Each structure stands twice: as C-alpha cells, then as structure tokens.
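Keep in mind that the numbers below use all heavy atoms, side chains included, and drop hydrogens, waters and symmetry copies. Keep in mind that what you see is a predicted model, and the values were worked out from it rather than measured. Sequence lines set the chain letters: A, B, ... in the order given, protein chains first and strands last, and positions in each chain run from 1.
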Amino acid sequence: MKTIADRYNPQEVETKVYQDWEKAGYFKAEDQSKKPPFSIILPPPNVTGFLHLGHALDHTIQDLLIRWKRMSGFNAMWLPGTDHAGIATQTVVEKELKKQKILRHDLGREKFVDEIWKWKNEYGNRIYNQMRRLGDSCDWNRATFTLDEGVSAAVKKVFVSLYKKDSIYRGLRLVNWSGPLETAISDLEVDHVVTKGFMYHINYPVDGTGELLTVATTRPETMLGDTAIAVNPEDDRYKHLIGKTATVPLINRKIKIIADTYVDKEFGSGVVKITPAHDFNDYKIGKTHKLEFINILTRKCEMNENAGVYQGLKVVDARKKVLEDLKALGFFVKEEPHTMSIGHCSRSGAVVEPFLSEQWFMKMEDLATPAKRVVESGTIRFEPESWTKVYLHWMNHIEDWCISRQLWWGHRIPAWQCEACEKFTVAETTPTVCEHCNSTKLKQDEDVLDTWFSSALWPFSTMGWPNESPHSVETQKTFYPTNYLVTGHDIIFFWVARMIMMGQEFKKDVPFRTVYIHGLVRDSQGRKMSKSLGNSIDPIEMIDKHGADALRFSFLAHLFSGKDFKFSEQRVEGYRNFMNKVWNASRFVLSNLQDFKVPVEGVKALPARAHLSVFDHWIIAKLAEVEKQVHDALENERFSDAATALYQFVWNQFCDWYIEFTKPIMNSAAAEEKQTTQLVMAQVLNRMIRLLHPFCPFITEEIYTNLPIKGQACIIDQYPTVLNDKDFLAFASKDAELEVDMVKEVITAIRNIRGENRISPAVKLNIRLGVTQDDVQKILSHNKSAIMNIARLENMEIGADGDMNKCAVAPIAIGESRMKVIIPLEGLVDFNEEIKRIQKTIEKLEKDVGLLHGKLSNEKFVQNADPDVIANDRILLQQSKEQMVSLKDALTRFQ
RNA sequence: AGGGAGUUAGCUCAGUUGGUAGAGCGCCACCCUUACAAGGUGGACGUCGCAGGUUCGAAUCCUGUACUCCCUACCA
C-alpha cells in the first residue's frame with residue numbers, strides 16, 4: 001500500500017492524472033453503443049482566445065454533467081471546438097501585423113488570410129491546453145473548427161437552401177457600421193456608452209414665409225444628408241408649415257416639411273431634421289414618407305462627395321467645421337449639455353455609424369415560428385425557467401438578420417455576381433455560368449458571413465451533417481439532439497435562438513433538450529471583469545495557485561440558478577482547504593488500512609452485520625442520505641445543493657465524527673471489530689471519492705489509485721446511487737442514527753460547557769450523566785469509551801443526578817430520551833461564567849415556553865393546525881419546562 | 001419606454017407544499033488533542049427592503065411602494 005503526501009499538492013498530480021486519462025482513452029465516446037447516449041456540444045471559444053473565468057465556469061458545469069453521466073453508465077460525448085470569430089481574430093492579426101508596419105490592404109486578401117491561418121495554427125491549441133488544465137473531459141478526437149471543410153460544406157448547403165426558398169435576400173439597408181474595420185457589425189458587437197455631449201439648436205429658413213424653424217440635434221454634421229424636416233401633426237406651432245419646404249443651411253438643399261407622430265412635441269424644439277441614411281429612426285420615417293436617402297459617408301466613415309466642401313473630413317472634424325460655419329452664417333442658435341448613449345464598436349472602440357449599404361439578410365419570421373413552438377411546448381426547456389419568457393419575447397419581436405460582413409476572415413458568401421446582368425448565382429460549388437444570362441463573367445461576392453451563421457449550425461455541422469458517410473450518419477443518429485446546452489444569458493438571442501431555428505429547419509428536430517443558462521462571472525464586488533478596471537482574473541493562475549479542483553468546486557458550490565457569479569479568490573482558497581481535508585481524511589483512512597486484507601469481492605465486499613459498530617451503521621446511513629441528496633440535486637440541475645451536500649458529508653459527518661469515533665477502535669479494539677471497521681471505512685471512502693469525482697476529478701482520481709478497494713479508474717467507475725449501492729446501504733440503521741445522535745449531543749454539551757467556561761482541553765474532566773431511563777443508560781454505557789475519548793474525560797459516571805452542588809448542568813432531550821450532563825466545577829473555574837451560561841439558557845427556554853404556551857392555548861391554533869405540528873409543540877413545551885426547572889435548580893446550587 | 005430578476009447575518013448566498021430563520025467566508029475567545037494550523041472547539045451577529053392584507057400562524061401567499069441590477073429599444 002502506498003502512502004500519500006501529508007499535504008495535497010495539486011501541481012504534482014494534475015498533469016499526470018490528465019495524461020493518464022487521455023492515454024487510456026476514457027474521454028472517447030462510441031458512435032454506436034449499447035449504452036444510452038448523453039451528449040453536449042461545447043460552445044466554441046474563439047480560436048485565438050484565452051480561457052477566461054466565464055469559460056471556466058461554463059466548462060466546469062458541462063464537465064460535471066459529462067463525468068456524472070459517464071460514471072452513470074451513459075455513452076457520454078462532449079464535443080469540443082473552436083470558433084474562427086471573424087472580427088475578433090481578424091482584428092488581432094491585423095494589430096500584430098501593424099506592429100511590423102504591414103497593413104491588411106497592402107498584403108491583399110489571400111496573403112492576409114494566410115497570415116491568419118498561420119496565427120491560428122500557432123495559437124489554436126492554446127485554449128485546448130488550458131481546457132485540459134481545468135480537467136475538461138472532452139472527446140478530443142471530435143474537436144472541430146468552424147472553418148473546417150465539413151462545417152464549411154454545411155454552411156454552403158444552408159445558405160443555398162435558404163436562398164432558394166427566398167429566406168435569404170440581398171437588400172440596401174441601414175446597418176451598424178464600424179469605420180476602422182470597414183464592415184457591418186451585429187448589435188452584439190455594439191457597446192452602448194453613456195456620454196456627455198451637446199444638443200445643438202440650428203435654424204432652417206422656411207421657404208417663402210421668412211420664418212425660421214429651429215431644429216435640435218446632437219449630430220449637426222448629418223444635416224448635410226437631411227432630406228426632410230418633421231413636426232408633429234398635432235403641433236399648433238408648426239401646423240401651418242406642413243407641406244412647405246425649407247432650406248438646409250450650408251448646402252442650400254430644399255427639403256419638405258412633413259408631419260409624423262414620431263415627433264415628440266415636448267422634446268427639444270419639437271422639430272426634427274430627418275437624415276434617413278444616417279439614423280435608424282430617420283430611416284423608418286424616410287421609408288414611410290418615401291424620402292431621398294443621401295449617404296454622406298465613405299466606408300471609412302469620412303465625409304464623401306455628397307458633403308461638398310466637407311469631403312474628406314472625419315466625422316468629428318466635420319462636426320466642428322459645420323458648427324463654425326453655422327455660427328459664421330448666423331444659423332446657429334445655441335448649444336445645451338446633453339447626455340446620451342452612443343454605440344461603440346466593441347472591437348475597434350470607434351463610434352458606430354448607421355450606414356446605408358448593400359447587405360445579405362435572412363428572413364426570420366418563418367424560421368421563428370417552429371422555434372417558438374418547441375419552447376412553448378416544452379420540447380426545449382430553459383433552466384432557469386424565467387428565460388423562456390425572455391426568449392419568446394424576443395422571438396415575437398424578431399427582425400431580419402444581417403448576415404454579411406465586409407471582412408476577409410470567415411465563410412465567404414457562396415454567391416457570384418454576373419458582370420453582364422448583375423444578378424447573383426448562388427451555389428454550393430463555384431458556378432461557371434450565370435444562371436440568369438449564361439454569361440461566364442462571374443465574380444464571387446467579397447463578403448463573408450457573420451460568425452454566428454456557422455455557429456447556428458454547430459450542433460449538427462460538428463456531427464458531420466450534411467455528409468452521408470457511415471460515421472457521420474451514426475454520430476448524428478446517436479447524439480443528435482444533444483442533452484444540454486450550457487451557456488451564459490448574453491448569447492441567448494445571438495446563438496441559442498438561431499441554433500433552435502436551424503435545427504428545426506434542417507434536422508427537423510431540436511438541437512438540445514435543456515438549455516442551462518448560468519450567470520456571468522463578475523468580480524467580488526459585482527463589477528464586470530475588464531482589462532481597464534484591472535479586475536480580471538486568469539483561471540490558469542487560480543489553477544496554478546490553488547488547483548483546478550478548488551476552482552471547480554468554488555464554482556459549483558456557489559452556482560445559484562442563473563444569477564451572476566461573484567468570483568472571489570478567497571472562496572477558492574476555502575475549497576482548496578476542503579481539498580486538503582479530503583486528502584487528509586483519505587490519508588488517515590489509508591494509514592489505518594496498512595494491515596487490511598483486501599477482500600476478493602472488492603467493492604462488492606460487505607461487512608458481517610454482527611460486528612458492525614454503531615458508528616459504522618450510522619455513517620452508512622449518512623452515506624445513503626448523501627447519495628440520495630446528490631442524485632436528486634444533479635437530476636434537477638441544483639449543482640450547488642449537490643456540492644454542498646457532499647461538502648457537509650465529508651467534513652461534518654465523515655471527518656468530524658466518523659474518523660473520531662473510529663480512532664479508539666483502530667487503536668485498541670478486538671481484531672475482529674477492527675477488521676469490520678476497516679472494511680466499512682474502506683468502502684465508505686471509496687464511495688465518497690466516487691461521489692466527489694465529477695466535482696473535483698483530479699484529487700479524487702489520485703486518491704482512488706491508492707485505495708485498497710477500487711475499480712479500473714475513478715473516472716469510469718460507477719457513480720453510487722441508493723439503487724446501485726443498495727446492498728451496502730442496507731447496513732444503514734435508524735437505531736444507530738438515534739444512538740449516535742445521543743452520543744454526539746452529550747459530547748457537544750460537554751464541549752459547550754468547556755468552551756464557555758474556558759476550561760482548557762488539556763484538563764481531563766470528571767463528569768456525571770444523570771439518566772433514569774434504562775435504555776438510555778444502556779446506550780450511554782455502551783458508548784462510554786467513545787464519549788470519554790472525544791470529550792477528553794478522566795471519569796464518567798452514569799446514573800442518578802446525585803449532588804449537583806456547584807456543577808455545570810446541561811439537559812439533553814432527544815425524542816423520548818432525557819439526560820443531564822453534570823460537571824462539577826469546584827476548583828476548576830470561577831463560577832460566574834457558568835452562572836451566566838445557565839442564565840442565558842434559562843432566558844432562551846423561558847422565551848420558548850412563553851411562545852409555545854401561547855400557541856397551544858390558542859383555541860384556533862389547536863383547531864386548525866396540523867396534528868403533527870401540535871403534537872410536536874406539546875413535546876417541545878414539556879421538554880422546555882422540564883429543562884427550565886432543572887436549570888433553575890442547578891443555579892441555586894451556586895449560592 | 002418595454003421586458004426580466006432581485007432586496008434574508010459584516011460579505012456571498014440557501015431557505016422545495018405557510019409551523020419558533022440556515023451555510024460558507026469574515027469576526028471574537030481558547031487550543032500545535034497522534035489525518036489535516038490549508039486544522040480543532042466554543043462564541044457573537046438578522047424587525048427576512050417598507051406598508052397594508054389573507055391566516056390561529058407569513059421570509060414564504062396577495063396588493064401596493066421604494067431601491068438595485070440585467071436585457072431590449074433608445075428622444076432628435
């Protein structure tokens with residue numbers, strides 16, 4: 001038998017343990033198996049990214065599920081992957097090249113994309129290796145990248161198929177535009193920042209009347225693109241001007257004065273300039289009133305030829321110049337401070353401009369209908385359930401999705417424009433002739449697809465769809481739909497909803513059964529983790545310092561139904577301590593099994609009932625309890641309940657009591673009794689370690705290797721449940737629970753008196769247990785040595801109360817049993833502390849008695865309350881009264 | 001503005017059918033008791049946001065209200 005180090009050192013074991021798992025192939029799932037399938041697809045992190053705490057939380061939950069199911073006899077498959085993350089990756093590589101003074105456009109598309117591939121090949125495995133540090137038990141053979149050939153084929157097939165049924169179309173629309181990146185970006189990539197700016201009031205002369213209309217705007221430079229002025233139709237101040245025209249200062253364009261209820265009479269001046277090509281609201285008005293759309297910006301967000309003399313200026317400079325000129329020409333009225341929220345590009349930091357451009361769109365309404373239905377019907381369940389409403393609310397207000405991006409990194413749109421007829425030919429393979437005019441002059445669209453397009457297909461594209469090879473077919477048959485999708489609530493719309501739609505459309509089935517939504521990881525004060533705040537924490541650093549198991553456990557033990565997770569290193573340290581506790585408890589057991597004869601039946605070996613100590617029966621009862629708690633909690637995704645139940649079993653039952661109770665048996669008892677306890681101890685530890693494994697896999701695997709009774713490896717050994725463990729758990733005993741509770745109460749009472757009277761643990765006490773009931777006397781004398789050992793006693797008498805003169809007294813009542821712990825204090829302490837202690841107890845009892853008496857003398861309570869509750873209260877009242885009497889008596893003995 | 005969530009100990013949070021409020025951390029005191037000082041034992045600390053209502057009884061159910069957070073859309 002090996003011995004293990006006296007302090008748990010995660011660094012020493014984690015790498016080795018992980019390599020052993022991987023070498024043995026325990027993470028691999030079978031395409032075909034007699035075992036029931038259980039599958040999870042990992043939300044793919046950015047291929048060039050680092051593992052952050054959000055991933056760590058997300059992965060810990062998934063790994064817990066996978067390991068639990070794997071141990072529970074399932075063909076558990078966890079499919080890892082990485083995302084090409086269009087904008088993010090392109091930006092990173094672009095920045096790197098800039099350091100070498102190389103610009104993207106200098107390289108050209110092909111060479112630049114080659115550079116990104118180089119980057120991907122160099123750093124693409126970094127995050128996988130970080131995942132290994134966390135203990136992720138993914139089936140690495142199935143690892144997929146979003147630009148892999150198979151996934152690309154799926155993307156093309158889906159695009160073409162949706163285009164053919166008119167669900168994908170091309171259109172001129174206003175989109176969020178990032179100037180530095182020269183691309184449209186999704187709403188997800190826009191950060192709204194509350195900014196202090198100004199509201200500028202500007203006069204527009206009304207043609208022919210000599211009147212001036214004062215408009216209020218935060219963006220004076222956009223007046224160069226104005227094509228109307230709008231007022232509220234009910235606004236008496238301006239009613240007479242509706243239908244007339246006004247002149248835009250600086251560029252002298254004649255524009256209509258129109259009426260629209262969108263205009264708020266109370267806000268600003270009640271007059272709004274309309275710039276349909278540069279504002280989302282104005283765009284809508286422009287559409288309804290059929291206004292002209294004048295674009296005044298270039299793709300780099302500089303002023304274009306429509307801006308006249310302002311051409312070439314950046315937006316902010318144009319604003320300055322426009323204001324100067326307005327002042328010079330007398331059109332400027334005033335400026336007022338104004339707070340507004342401005343969209344910024346999350347990648348470049350630049351202000352996002354609404355920009356009119358040709359883009360590809362996906363019609364969402366038809367796709368949304370079946371996707372709503374599967375959630376409404378409960379085929380897909382959100383956990384926590386409240387996200388269902390959020391999801392449906394969004395689906396009911398869904399808008400078409402701009403799927404094209406003006407980037408180079410990503411899935412290029414499979415559409416070819418004809419130079420002759422300008423129409424598009426959309427196909428999975430490069431077409432040779434235009435399908436409209438048979439011209440051969442075709443040019444592929446320059447744009448790539450939004451990253452979320454390929455993500456939407458992820459649950460089935462990773463399983464080989466649409467390839468029809470046997471492997472692909474079997475994989476899909478076995479593992480689709482998956483069981484869980486685990487992710488944060490920030491991407492429900494961008495990802496979860498779209499996967500559901502695509503699953504329905506192309507697989508005619510949901511992509512997953514349960515969507516488990518966890519909160520986002522924040523710092524200990526609840527702030528977002530960000531570089532600028534300097535509060536971000538690297539999970540790898542946490543693993544280096546405290547071990548992966550401690551990090552994982554700290555997540556699982558504090559994961560409360562979808563709430564944001566406030567991370568604190570202190571808490572990780574707490575669970576590091578717990579890991580050490582597990583380690584040392586195991587060490588204790590192993591050191592006491594040196595002479596243990598391993599039964600040939602191994603884990604099936606059962607103790608001979610006759611020789612089981614009451615403590616053995618008791619710990620098995622507690623084990624049965626925790627097995628049930630853990631199972632119920634995991635089945636209901638109450639991960640923190642499971643973690644907490646295990647924590648308490650290990651620390652408060654196994655370590656605090658069972659180990660202490662067994663010490664005397666190990667040291668002095670008869671060989672037969674010792675052997676039985678050894679067997680129970682080995683069996684309980686074995687189960688405890690297996691129960692803990694999905695939560696903290698490394699330490700448990702390492703301990704498991706050293707156990708005398710064990711299977712092949714903890715990771716694939718059976719997960720204990722009250723069902724599959726029933727033979728062993730049959731040794732649990734209710735009587736033993738009652739008996740041990742009694743012993744624990746007595747010991748606690750003695751410790752309590754010791755503590756409050758500050759009697760040193762070094763002082764061995766002489767005590768008396770006042771008991772009149774025969775059966776209670778019997779139980780206590782049975783357990784005399786245990787009590788004496790643990791409570792550190794010199795002598796212990798059991799019998800009548802005797803002389804309680806100058807004694808500390810603690811009454812105990814368990815069920816029908818009554819006893820008193822009586823400790824003579826003469827010569828040990830100053831009595832004042834004990835008098836205070838007793839007085840405090842009496843006060844508490846008086847309060848209780850008053851309360852209970854009040855309740856029980858209330859006729860309505862007696863009439864209406866549950867009989868059990870009444871009976872219980874009656875017993876409590878009687879007990880409290882008895883205890884009060886004996887304590888009052890004890891108190892008089894000090895005078 | 002619309003939608004969602006929350007308010008319980010100093011901090012982070014449990015509290016499943018209403019029946020005298022719990023855990024971990026932190027704090028205080030005492031202890032190196034032969035697995036563990038990353039430990040042990042004991043202790044202090046709560047008007048359950050506020051106000052009503054239902055009930056014999058409310059942290060829990062109902063109504064109102066204050067505050068906080070998140071999401072979506074944002075007023076030119």
task = Determine the contact category for Asn864(A): base if any of its heavy atoms lies under 4.0 Å from a base atom, sugar-phosphate if only primed atoms, P, OP1 or OP2 are that close, otherwise nothing.
result = base
ask   = Just how far, in rounded Å, is P of G4(B) from CD1 of Ile492(A)?
value = 14 Å
request  = Could you measure between the two C1' atoms, the one in G19(B) and the one in U7(B), and give it in whole Å?
outcome  = 25 Å
key: Selected nucleotide, minimal atom distance to Glu756(A) side chain, candidates U20(B), C56(B), G42(B)   = G42(B)
query = Closer than 4.0 Å, any side-chain N/O of Asn281(A) to the OP1 or OP2 of C75(B)?
reply = yes
message = Between Ser857(A) and Lys855(A), do the side chains contain a donor N or O and an acceptor N or O under 3.5 Å apart?
response = no
query = Roughly how many Å is it from CG in Asn757(A) to C1' in A29(B), rounded to a whole number?
reply = 13 Å
request  = Let me know the distance between NZ of Lys847(A) and P of U47(B), rounded to the nearest Å.
outcome  = 12 Å
note = Given protein heavy atoms under 4.0 Å, the one-letter contact record of nucleotides 30-41 of chain B, with B base, S sugar-phosphate only and - none, is simply -S-B-BB-BSSS
Between A59(B) and U20(B) - P atom distance, rounded Å = 11 Å
query = So what's the dot-bracket for RNA chain B: Watson-Crick or G-U pairs under 3.5 Å, [ ] if a pair crosses, | if it pairs off-strand?
reply = (((((((..((((.....[..)))).(((((.......))))).....(((((..]....))))))))))))....
message = Please pick, from G19(B), G4(B), U20(B), the nucleotide with the shortest atom-to-atom distance to any side-chain atom of Lys389(A).
response = G4(B)
query = With distance as the sole criterion, is a donor-acceptor pair present between the side chains of Asp848(A) and Ser880(A) under 3.5 Å?
reply = no
task = Measure from the side-chain heavy atoms of Val272(A) and tell me the nearest of A76(B), U72(B), C70(B).
result = A76(B)
message = How many whole angstroms separate atom CG of Asp226(A) from atom C1' of A76(B)?
response = 11 Å
inquiry  = What contact category does Lys840(A) fall into here, base, sugar-phosphate, or nothing, at under 4.0 angstrom with non-hydrogen atoms?
reply    = sugar-phosphate
ask   = Using the C1' atom in both, what is the distance from G3(B) to U8(B), to the nearest Å?
value = 26 Å
Charged N-O contact under 4.0 Å between Arg319(A) and Glu221(A) = yes
note = Atom NE2 of His489(A) and atom P of C70(B) are separated, to the nearest Å, by 10 Å
query = When you compare A38(B) with G43(B), how far apart are their C1' atoms, in angstrom units rounded to a whole number?
reply = 23 Å
task = Decide whether Asn757(A) and Glu834(A) meet the rule of one side-chain donor and one side-chain acceptor closer than 3.5 Å.
result = yes
query = Without hydrogens or angle criteria, can the side chains of Tyr204(A) and Asp226(A) be said to hold a donor-acceptor pair below 3.5 Å?
reply = yes
task = Rounded off to whole Å, could you give me the CG-to-P distance for the Asp873(A) and C56(B) pair?
result = 17 Å
ask   = Which pairs count as side chain to side chain donor-acceptor pair (under 3.5 Å) when at least one residue sits in residues 388-400 of chain A, sequence neighbours excluded?
value = Tyr169(A)-Asp400(A), Lys372(A)-Asn396(A)
task = By nearest nucleotide on RNA chain B, pick out whichever of Val862(A) and His393(A) is the more 5' one.
result = His393(A)
Arg7(A) to Trp583(A), cation-pi by 6.0 Å centre distance and 45° axis angle = no
query = Rounded to whole angstroms, how far apart are CG on Asn176(A) and P on U72(B)?
reply = 12 Å
query = So does Lys744(A) have more than 12 non-hydrogen atoms from other groups sitting under 6.0 Å from NZ?
reply = yes
message = Assess, by modelled atom type and distance only, whether the side chains of Lys273(A) and Thr222(A) contain a donor and an acceptor separated by less than 3.5 Å.
response = yes
message = Roughly how many Å apart are U41(B) and A23(B), using the P atom of each and rounding to a whole number?
response = 14 Å
query = Whole-Å distance between U55(B) C1' and Asn858(A) CG?
reply = 11 Å
message = Taking G46(B) as the reference, what is the distance to C56(B) when you measure between their C1' atoms (whole Å, please)?
response = 26 Å
inquiry  = Need one value for Arg837(A): base, sugar-phosphate or nothing, where a base atom within 4.0 Å counts as base even if backbone is also close, heavy atoms only.
reply    = nothing
message = Taking only the C1' atom of each, what is the distance from G18(B) to C11(B) in whole angstrom?
response = 30 Å
ask   = Does NZ or CZ of Arg571(A) come closer than 6.0 Å to the centre of the six-membered ring of Phe565(A), within 45° of the ring's axis?
value = yes
query = Does Thr748(A) or Asp279(A) map to a spot on RNA chain B nearer the 5' end, using the closest nucleotide for each?
reply = Thr748(A)
query = Parallel, tilted or perpendicular: which describes the rings of Phe615(A) and Phe661(A), with under 30° parallel and over 60° perpendicular?
reply = parallel
inquiry  = Taking any heavy-atom pair under 4.0 Å as a contact, classify Met199(A): base, sugar-phosphate, or nothing.
reply    = sugar-phosphate
inquiry  = On the nucleotide C13(B), are OP1 or OP2 found under 4.0 Å from the side-chain N or O atoms that Lys566(A) carries?
reply    = yes
